[in-house]
> 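Structure incoming, see below.
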Amino acid sequence: METMRWEGREFLILDQTRLPGSVEYIRCRDHLAVAEAIKRLSVRGAPAIGAAAAYGLVLGAMGLETDDPGEFLAGVERIAAHLSSTRPTAVNLNWALGRMLAGLRSAGPGKPEELIRVMLREADGIYREDLEGNKKMGRLGQELIPDGARILTHCNAGALATAGYGTALGVIRAAREAGKKVSVYAGETRPLLQGARLTAWEMAREGIPVTLITDNMAGYLMARGMVDLVVVGADRIASNGDAANKIGTYGLAVLAREHGLPFYVAAPFSTVDMNLRSGAGIPIEERSPEEVTHIAGVRVAPEGVRVWNPAFDVTPARLISAIITDRGVVRPPYEKSLREIMKEGIGD
Ligand code: MRU
């Protein structure tokens with residue numbers, strides 16, 4: 001199942017808000033449609049929104065009506081700023097747009113059609129490298145997964161959240177490909193149910209045994225000895241290893257520590273923000289109250305009730321047993337180990 005596809009002068013995005021009920025693609029003809037799709041979570045997951053924004057920037061550049069190189073670059077920068085403003089937490093969005101702009105600048109002044117070709121190649125590169133990185137992360141990460149492991153995951157860090165294969169779910173896929181018998185508990189992930197709608201769907205389609213639980217069941221699941229480890233994705237990892245991921249992740253990490261279970265974070269190195277000293281600097285997106293007061297369009301709370309709806313939380317590095325990246329698996333102290341793989345690209 002492709003999460004996105006470039007088709008001539010159009011960009012197709014799988015509308016994840018409709019899954020698992022129906023498989024529909026949104027046809028984007030300009031960057032505004034891509035920005036809207038990112039905002040409403042039609043495309044979601046840190047690496048996927050980075051790749052989608054890169055293609056959105058190409059569409060935006062194609063719509064610029066100028067032959068002047070300076071005006072062209074300024075126009076592309078304006079569009080990048082708009083795309084970047086769609087969601088604040090996942091650093092992959094800015095990382096991908098930054099890489100697109102750097103590629104454009106280093107191509108030097110040129111005719112817009114040539115520069116657009118350069119941009120499209122860069123976007124394809126971001127997409128392809130994400131897929132390759134996920135497979136590598138899977139190979140490295142699966143070594144941490146014992147045969148027979150019962151694995152709890154949260155939200156969706158699968159093929160749908162990336163260019164394909166997935167990060168946390170990529171590790172699970174790779175364990176299975178290595179011949180291990182693994183099974184998955186998917187937390188439903190209120191308010192938007194990515195675990196129920198997307199992770200359960202992805203796992204079931206591949207015949208990986210999956211059991212759906214509501215988020216508030218995780219503690220009892222662990223207390224009953226029904227789970228062996230937790231693996232989740234991330235939206236932004238600070239240089240000290242603090243990791244932002246879907247709201248509810250922090251609670252799982254605390255529970256895992258209480259029950260002596262390993263808690264792993266799987267993410268490409270593009271999710272690591274080496275400019276941040278700690279998770280305190282990670283901007284946390286707050287979304288609309290309707291996501292909490294309603295389920296699938298049906299009101300479940302009284303009119304006028306006050307709502308707080310942060311979309312992510314931050315898990316402190318001390319609760320994370322290891323971070324699985326496409327450059328290697330790192331352990332605490334993360335200040336040191338993340339810096340080392342940044343410099344050396346361990347495992348490349
Ligand atoms: O709000 P979402 O659905 O974009 O949140 C996604 C997550 O929190 C994922 O776990 C994270 O982006 C990692 S995806 C490989």
Side-chain angles (χ1 to χ4, degrees), residues 3-4 13-19 37-53 86-96 126-127 129-131 133-138 141 152-173 186-199 201-202 215 230-237 243-253 263-273 279 282-288 291-292 309-315 320 323-326:
T3 44
M4 62 191 81
I13 291 177
L14 175 63
D15 188 352
Q16 297 188 31
T17 65
R18 305 217 161 241
L19 290 175
I38 294 173
K39 262 195 211 155
R40 61 189 296 274
L41 270 53
S42 291
V43 58
R44 32 76 39 209
I49 61 177
T86 51
R87 295 195 77 191
T89 303
V91 75
N92 308 61
L93 183 60
N94 285 329
W95 170 85
I126 289 170
Y127 182 82
E129 287 165 33
D130 185 56
L131 183 57
N134 291 341
K135 294 206 167 142
K136 187 163 169 201
M137 208 184 308
L152 174 62
T153 189
H154 189 58
C155 192
N156 172 266
L160 293 166
T162 61
Y165 204 69
T167 59
L169 297 192
V171 170
I172 294 170
R173 285 197 163 96
E188 70 169 347
T189 319
R190 269 286 282 154
L192 294 180
L193 305 174
Q194 288 93 330
R197 294 187 303 104
L198 309 176
T199 294
W201 185 71
E202 264 195 46
D215 299 324
V230 183
V231 59
V232 296
D235 288 82
R236 191 185 298 229
I237 300 172
N245 190 48
K246 178 54 58 193
I247 191 78
T249 302
Y250 168 53
L252 295 181
F263 182 92
Y264 300 121
V265 171
F269 200 74
S270 53
T271 300
V272 180
D273 186 347
I282 300 177
I284 299 295
E285 177 181 11
E286 292 195 14
R287 296 184 60 88
S288 85
E291 292 182 353
V292 178
N309 184 19
F312 301 95
D313 58 27
V314 178
T315 298
I320 302 173
I323 302 176
I324 303 159
T325 81
D326 48 350

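Residues: numbered from 1 along the sequence shown. Numbering of ligands and ligand atoms starts at 1, following listing order. Fair warning: this is a prediction, and the values are worked out from it, not measured in the lab.
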> Under a 4.0 Å heavy-atom limit, does Gln194 contact ligand 1 with its side chain, its backbone, both, or neither?
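Under 4.0 Å from ligand 1, Gln194 contributes side-chain atoms alone.
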> Which is it for Cys155 and ligand 1 at heavy atoms under 4.0 Å: side chain, backbone, both or neither?
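Answer for Cys155: side chain.
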> In the protein, which heavy atom is nearest to atom 5 (O) of ligand 1, and how far is it?
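Its nearest protein heavy-atom neighbour is Lys246 CE, 3.3 Å.
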> Inspect the contact between Asp235 and Arg44 and indicate whether a charged nitrogen and a carboxylate oxygen are less than 4.0 angstrom apart.
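Salt bridge: no.
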> Evaluate side chain to side chain contact (heavy atoms under 4.5 Å, CB included) for Thr315 paired with Asn245, printing each intermediate quantity in order.
CA-CA 8 Å; Thr315 298; Asn245 190 48; 6.0 Å; no
> Below 4.0 angstrom, N of the basic side chain to O of the carboxylate: do Asp273 and Arg236 qualify?
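A salt bridge links Asp273 with Arg236.
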> Provide, to 0.1 Å, the distance between atom 11 (C) of ligand 1 and the closest protein heavy atom, together with that atom's residue and name.
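Of every protein heavy atom, Asp235 OD1, 3.2 Å lies nearest to atom 11 (C) of ligand 1.
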> Under 3.5 Å between some N or O of ligand 1 and some N or O of Arg87?
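Yes; the residue has a nitrogen or oxygen that sits under 3.5 Å from a nitrogen or oxygen of the ligand.
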> Distance from Asn92 atom CG to Arg87 atom CZ, nearest 0.5 Å?
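Between atom CG of Asn92 and atom CZ of Arg87 there are 11.5 Å.
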> For the residue pair Thr199 and Ala186, what are the closest heavy atoms and their distance?
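Thr199 and Ala186 have their closest heavy atoms at CG2-CB, 3.9 Å.
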> If we set the cut-off at 4.0 Å for heavy atoms, which region of Ala234 has an atom near ligand 1: side chain, backbone, both, or neither?
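For Ala234, the contact with ligand 1 is made by the backbone alone.
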> For atom 10 (O) of ligand 1, find the nearest protein heavy atom and state the residue, atom name and distance (0.1 Å precision).
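Protein heavy atom with the smallest distance to atom 10 (O) of ligand 1: Asn245 OD1, 2.6 Å.
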> Can a non-hydrogen atom of Pro47 be found less than 4.0 Å from any atom of ligand 1?
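It does, in that a heavy atom of Pro47 comes within the 4.0 Å cut-off of ligand 1.
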> Could you tell me, atom by atom, which parts of ligand 1 come under 4.0 Å of a heavy atom of Thr162?
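Listed by number with element: 15 (C).
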